[in-house]
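To start, the structure under review is shown below, and the notes come after it.
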Amino acid sequence: MDRGKKHFNRTEPNMPLIIAILGILAVVTMLLAMGLGPVSVTPWNTAKILLKQIPGIGNGIQATWEQLDQNIVLGLRLPRVCLGMVVGASLAVCGVTMQALVRNNLADPFILGVSSGAAAFATLGMLFGAFSFLGTYSLSISAFIGSAITIIFVYMISRVRGRINITQLLLSGVAISMIMDGVTSIIKLSAPNALGLHNAEFWMSGSLAGAKWAYLKLPFGVLILCLVFLMAHYRGLNLLLLGDESAGALGVNVRRLQKELVLVASLMAGVTIAVSGTIGFIGLMVPHFTRLLVGGDHKKVLPISALLGGILVVWVDVAARMLIAPEELPVGILTAVIGGPIFIWMLKKNNREK
Amino acid sequence: MRLRVENLTYSYGDKDAINGVSLEVNQGEFVGLIGPNGSGKSTVLKNIYRGLQPDSGTITMDGDNLLRMPYRESALKMAVVGQENDVPFDFMAEEIVAMGRSPHKKLFDADNAQDKKIVHHSLEHVGMEKMAKRNYLRLSGGEKQRVIIARAVAQESDFYILDEPTNHLDISYQMQIFDFMKRLENVTVLSAIHDLNMAALYCDRIYVLQEGKVVLSGTPDEVLTEENIYQVYGVKSSVVKHPITGRRAITFLPAGI
């Protein structure tokens with residue numbers, strides 16, 4: 001117990017140890033998650049299937065598994081689990097970013113309507129080809145534009161005399177959500193083709209089921225880029241929490257940093273939502289539990305949130321495909337069922353502390 | 001001359017908050033800004049420490065244009081103790097103080113042993129070294145204020161801007177903060193002060209703001225007179241030279257005396 005306290009406390013957490021443990025946990029999670037599903041594969045076999053793919057090491061490994069297992073692990077589960085990691089990490093980091101931007105721990109891309117905005121624009125692109133001139137990444141780019149517009153809107157509405165008013169923030173999030181969901185419905189109902197509509201419906205409920213390698217590149221690249229940017233500016237993020245004026249007095253170009261954070265948050269929200277649909281509350285829950293673990297310093301919060309977010313989404317996704325197997329639940333529905341009550345609890349706690 | 005402000009104008013929306021304010025602060029001075037609520041004291045200071053961007057006017061610090069300076073550079077020139085001192089998330093007192101080191105840091109720089117030493121010394125200065133690991137949000141108002149002052153000290157600037165730091169604090173804390181500033185050697189202070197007796201005790205010079213304009217300036221002896229106080233605040237008072245402090249002591253007189 002004492003030794004536990006020595007490494008896991010908010011005042012002086014042993015960061016290398018915590019990151020190492022979470023890293024191992026992430027690897028174990030991936031191995032287990034690849035085996036779990038309607039067809040199960042043992043973690044041992046999963047590991048061997050994976051190792052066999054690495055040139056040099058792979059030659060010495062005997063194939064003791066069936067070809068079907070290998071196809072499922074490599075073709076379906078591996079991209080899905082990797083996508084889960086990337087999506088979870090991005091949503092969690094996006095939550096951290098938005099929370100620094102509005103100085104409140106109740107901010108989350110889903111709650112503030114950013115997901116709905118991204119979905120509305122993405123549907124527009126999907127069904128009408130509105131952004132098809134943007135090429136392969138038209139879906140991601142349209143979702144990014146949708147999230148950027150929503151963040152800017154919500155941010156401007158909730159700023160009262162230079163300060164973010166939290167009631168205004170949450171309510172404008174709800175309102176924008178409703179507007180955007182309405183827009184999405186209108187687009188769907190006037191959709192010219194049935195196939196596109198089916199795809200849009202499936203995608204929007206939030207699912208990792210259709211994961212392909214091709215989906216991974218962009219969100220992964222964006223996640224790494226944004227994380228590097230945020231880690232470089234971790235002091236700025238900390239200082240923003242003191243308020244715009246104090247941050248300016250301590251050497252932060254507040255306006256520029258806020259614009260950059262809006263960009264970073266919409267990029268991460270947009271490209272993840274484009275591949276996975278709406279998965280809510282990850283950006284709310286993960287940063288909160290991260291802060292309970294290591295305190296509020298962004299230097300620690302950012303990497304830990306990314307790891308925890310990835311692990312959480314992969315496990316929720318496992319539950320999504322196991323609970324009513326052989327049918328699949330959309331992940332977004334499960335995260336809402338878990339995240340909703342946590343949001344209410346945090347809201348209550350927030351009010352008590354005021 | 002350290003700081004020179006000329007013709008500073010700022011408005012919130014269409015209402016002028018300050019209009020054509022000019023003032024100067026010399027090396028080593030303790031300069032006070034006084035005036036009734038809403039007279040623009042805080043707005044002037046926020047424009048100087050770059051919390052707000054002036055509509056017009058010039059501000060120079062040691063001869064350099066403050067408004068064109070990178071934020072990091074201006075943060076090295078002056079340390080600010082403001083009014084808003086709440087943080088939404090859990091931070092330890094020493095983490096808050098360490099934030100004062102930010103302007104000395106480039107991207108990706110970590111806090112080194114030197115920074116830790118400075119943070120520790122700053123906390124010692126304000127008598128908070130035992131509270132270093134405490135959760136900042138759980139500290140009392142006076143303790144929070146001392147941590148914020150330690151943060152300003154850790155910034156290692158010799159120019160302090162205090163934006164009514166003593167507001168809502170017990171008298172002992174109010175005195176403690178100003179005494180502390182006086183004890184620091186070779187520092188220059190520009191402070192908004194609510195309490196006229198405090199201004200009389202600590203200031204070398206005073207600027208009086210009324211409705212966004214500087215209406216009076218000078219030494220406390222020149223400025224803090226019964227007529228001036230009546231003009232600016234609309235209150236009758238009796239001002240005497242205090243036998244112990246040698247400074248002006250103001251007693252406000254209720255109606256009917």
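Chain identifiers are assigned alphabetically (A, B, ...) following the order of the sequence lines, protein sequences preceding nucleic acid strands; residue numbering begins at 1 within each chain.
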ask   = Has A:Q168 got more than 12 heavy atoms of other residues, nucleotides or ligands less than 6.0 Å from its CD?
value = yes
request  = For B:N186, look at atom CG and say whether over 12 heavy atoms of other residues, nucleotides or ligands are found less than 6.0 Å away.
outcome  = no
task = Can you tell which part of B:S74 gets under 4.5 Å to a heavy atom of chain A, answering side chain, backbone, both or neither?
result = neither
key: B:K182, NZ: over 12 other non-hydrogen atoms inside 6.0 angstrom   = yes
ask   = Can you tell me how far the CG atom of B:L52 sits from the CD atom of A:E245, to the nearest 0.5 Å?
value = 5.5 Å
ask   = Does any heavy atom of chain B fall under 4.5 Å from the side chain of A:R235, the backbone, both, or neither of them?
value = side chain
ask   = Should we count CZ of A:F229 as having more than 12 external heavy atoms under 6.0 Å?
value = yes
Part of B:A110 within contact of chain A (heavy atom distance under 4.5 Å) = both
query = Relative to chain A, which segment of B:V80 carries a heavy atom at a distance below 4.5 Å: side chain, backbone, both, or neither?
reply = side chain
task = Might you point out which heavy atoms bring A:G251 and B:A75 nearest each other, and give the distance in Å?
result = N-CB, 3.3 Å
ask   = Which one of B:M99, B:Q155, B:K106 has the most heavy-atom pairs closer than 4.5 Å to chain A?
value = B:M99
inquiry  = With a 4.5 Å cut-off on side-chain heavy atoms, are B:R151 and A:L242 touching?
reply    = yes
key: Option in B:I148, B:D111, B:I161, B:I96 with maximal non-hydrogen atom pairs under 4.5 Å from chain A   = B:D111
Any side-chain heavy-atom pair of A:N104 and B:P88 under 4.5 Å = no
task = Indicate yes or no: at least one non-hydrogen side-chain atom of B:Y71 is less than 4.5 angstrom from one of A:V252.
result = no
note = To the nearest 0.5 Å, atom CZ of B:R50 lies from atom CG of A:D244 at 14.5 Å
query = Who wins among B:G82, B:A79, B:S102 for the most heavy-atom pairs under 4.5 Å with chain A?
reply = B:S102
query = Under 4.0 Å between a Lys/Arg side-chain N and an Asp/Glu carboxylate O for B:E95 and A:K299?
reply = no
ask   = When heavy-atom pairs shorter than 4.5 Å are enumerated against chain B, which of A:G243, A:A247, A:A232, A:G236 gives the highest number?
value = A:A232
task = Pick one of side chain, backbone, both or neither for A:V102, based on which atoms fall under 4.5 Å of a heavy atom in chain B.
result = neither
request  = Could you look at B:F89 and say if it's the side chain, the backbone, both or neither that has a heavy atom under 4.5 Å from chain A?
outcome  = side chain
message = Less than 4.5 Å to any heavy atom of chain B: does that hold for the side chain of A:R255, its backbone, both, or neither?
response = side chain
request  = Measure distances from B:E73 to the heavy atoms of chain A and classify the residue's part below 4.5 Å as side chain, backbone, both or neither.
outcome  = neither
query = Of the backbone (N, CA, C, O) and the side chain (C-beta and beyond), which part of B:F91 lies under 4.5 Å from a heavy atom of chain A, both, or neither?
reply = side chain
